[in-house]
Amino acid sequence: MLNLSRAALRPDLAILSMAGLLDARPRVGYYATGRKSSDIFAGLLADIRIGDEQSRPIVIRETSSVYDAVVTMFMEDVGSLIVVSEGDYIEGIISRKDLLKAAIGPKNLTELPVKVVMTRMPNIIMATAQESVLRGAQRLIEHQIDTLPVVEPVYVDGQERFRVIGRFTKSNITQLFVRLAQE
Ligand code: ADP
C-alpha cells in the first residue's frame with residue numbers, strides 16, 4: 001500500500017518495536033502491541049530514578065542568619081536552601097518567599113536565624129534516590145513546591161533522621177524533558 005520495499009521500512013519498524021508500539025514474531029511479522037505512546041512515556045518516566053537526575057544539595061546550617069541565606073541563594077543561583085544540622089541531617093527548607101517575608105518590617109537580617117523563618121521538620125516533603133522521577137514530579141505538583149530534598153534515612157541513637165544527599169527540582173524535570181525529546 002505504501003509502495004515501499006521492506007528494506008526501506010525496516011529502520012522505522014525497528015524504532016516502533018524499540019518504542020514498544022510494535023512487536024515481531026517469526027513467520028507472523030510485525031504486529032501492533034496495542035500500547036499507546038502515552039503509556040510508553042509514563043512507563044519510561046516511572047523507570048527513571050530521582051538519583052539519576054538529582055542535583056547536588058545546596059545547604060546552610062540552621063544557625064546561619066537570614067542575611068547569609070540571601071547571599072548563599074544568590075551565589076549558588078538556587079531558589080531554595082536546605083537547612084541542615086551537623087552531620088547533614090535535614091532540619092528545614094527556606095525558599096525565596098520565606099526570605100522576602102522575613103525582610104518585611106524593621107528587622108536586622110544579620111541577626112535573625114534562618115530557623116525562625118524556615119519550614120521545619122516534620123513538615124518537609126522529601127524523596128529518596130530510588131523513587132521514580134514521576135513520583136517526585138507528582139509530589140512537587142501536589143504540594144505546590146519547587147524542591148524536594150533527596151534524603152537517606154538513618155538511625156541516630158535510636159531516632160530516625162534524614163541525611164541530605166541531593167535535591168530534585170522543577171529544573172531537573174525540565175532538563176530531563178528536553179533530553180528525552182532529543183534522544
Ligand atoms: P517560592 O518561595 O519560590 O514560592 P516554593 O514554592 O518551593 O518556593 O516554596 C513555598 C513554600 O513552601 C515556602 O514557605 C517553603 O518554605 C515551603 N517549601 C518549599 N519546599 C518544601 C518542601 N520540600 N517541603 C515542605 N515545604 C516546602
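All ligand and atom numbering here is 1-based and tracks the order in the structure.
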Check your understanding: Quick one: which ligand 1 atoms are inside 4.0 Å of a heavy atom on Thr119?
Key -> 14 (O), 15 (C), 16 (O), 17 (C), 26 (N)
Review point. So is Pro149 in contact with ligand 1, going by heavy-atom distances below 4.0 Å?
Key: yes
Practice item. Determine, step by step, whether Leu176 and Ile173 satisfy the side chain to side chain contact (heavy atoms under 4.5 Å, CB included) criterion, reporting the C-alpha distance in whole Å, the side-chain angles of both residues, the deciding distance to 0.1 Å, and the verdict. Key: CA-CA 5 Å; Leu176 174 64; Ile173 297 168; 5.6 Å; no
Review point. Any Lys/Arg nitrogen of Lys170 or Asp146 sitting under 4.0 Å from an Asp/Glu carboxylate oxygen of the other?
Key: yes
Check your understanding: What residue and atom, counting heavy atoms only, is the protein's closest point to atom 24 (N) of ligand 1, and at what distance?
Key -> Ile125 N, 2.9 Å
Point to revise | Arg96 neighbourhood, listing ligand 1 atoms whose heavy-atom distance to it stays under 4.0 Å | key: 2 (O), 3 (O)
Review point. Can you list the atoms of ligand 1 that are under 4.0 Å from a heavy atom of Ile124?
Key: 24 (N), 25 (C)
Review point. Do other residues, nucleotides or ligands put more than 12 heavy atoms under 6.0 Å from the OH atom of Tyr89?
Key: yes
**Study point:** Closest protein heavy atom (residue, atom, distance) for atom 7 (O) of ligand 1
**Key:** Asp146 N, 3.0 Å
Point to revise | Enumerated ligand 1 atoms positioned under 4.0 Å from heavy atoms of Ile145 | key: 6 (O), 7 (O), 12 (O), 18 (N), 19 (C), 20 (N), 21 (C), 22 (C), 23 (N), 27 (C)
Practice item. Take atom CZ of Arg56 as the centre, draw a 6.0 Å sphere, and report whether it contains more than 12 heavy atoms from other residues, nucleotides or ligands. Key: no
Exercise for review: Taking atom CG of Asp77 as the centre, report whether more than 12 heavy atoms of other residues, nucleotides or ligands fall under 6.0 Å from it.
Suggested key: no
Practice item. Taking only heavy atoms of Gln144 into account, list the atoms of ligand 1 that are under 4.0 Å away from them. Key: 6 (O)
Practice item. Tell me which protein heavy atom sits closest to atom 14 (O) of ligand 1, plus the residue, atom name and distance to 0.1 Å. Key: Asp98 OD1, 2.7 Å
Review point. Does Leu148, backbone or side chain, put an N or O under 3.5 Å from an N or O of ligand 1?
Key: no
Review point. Are there more than 12 heavy atoms of other residues, nucleotides or ligands under 6.0 Å from atom CD of Glu86?
Key: no
**Study point:** Leu81 side chain near Met73 side chain, heavy-atom distance below 4.5 Å
**Key:** yes
Review point. When you measure from atom 9 (O) of ligand 1 to every protein heavy atom, which one gives the shortest distance, and what is it?
Key: Ser95 OG, 3.5 Å
Review point. If you count the atoms of ligand 1 from 1 in the order shown, which ones are under 4.0 Å from a heavy atom of Thr147?
Key: 20 (N), 22 (C), 23 (N)
Review point. Quick one: nearest non-hydrogen protein atom to atom 25 (C) of ligand 1, plus distance?
Key: Asn123 O, 3.4 Å
Exercise for review: State whether the number of non-hydrogen atoms from other residues, nucleotides or ligands found under 6.0 Å of Tyr155 atom OH is greater than 12.
Suggested key: no
Review point. For ligand 1, is Met126 a contact, meaning one of its heavy atoms is under 4.0 Å away?
Key: no
Practice item. Let me see the working for Ile58 and Arg167 under side chain to side chain contact (heavy atoms under 4.5 Å, CB included), right down to the final yes or no. Key: CA-CA 8 Å; Ile58 307 296; Arg167 72 192 153 95; 3.8 Å; yes
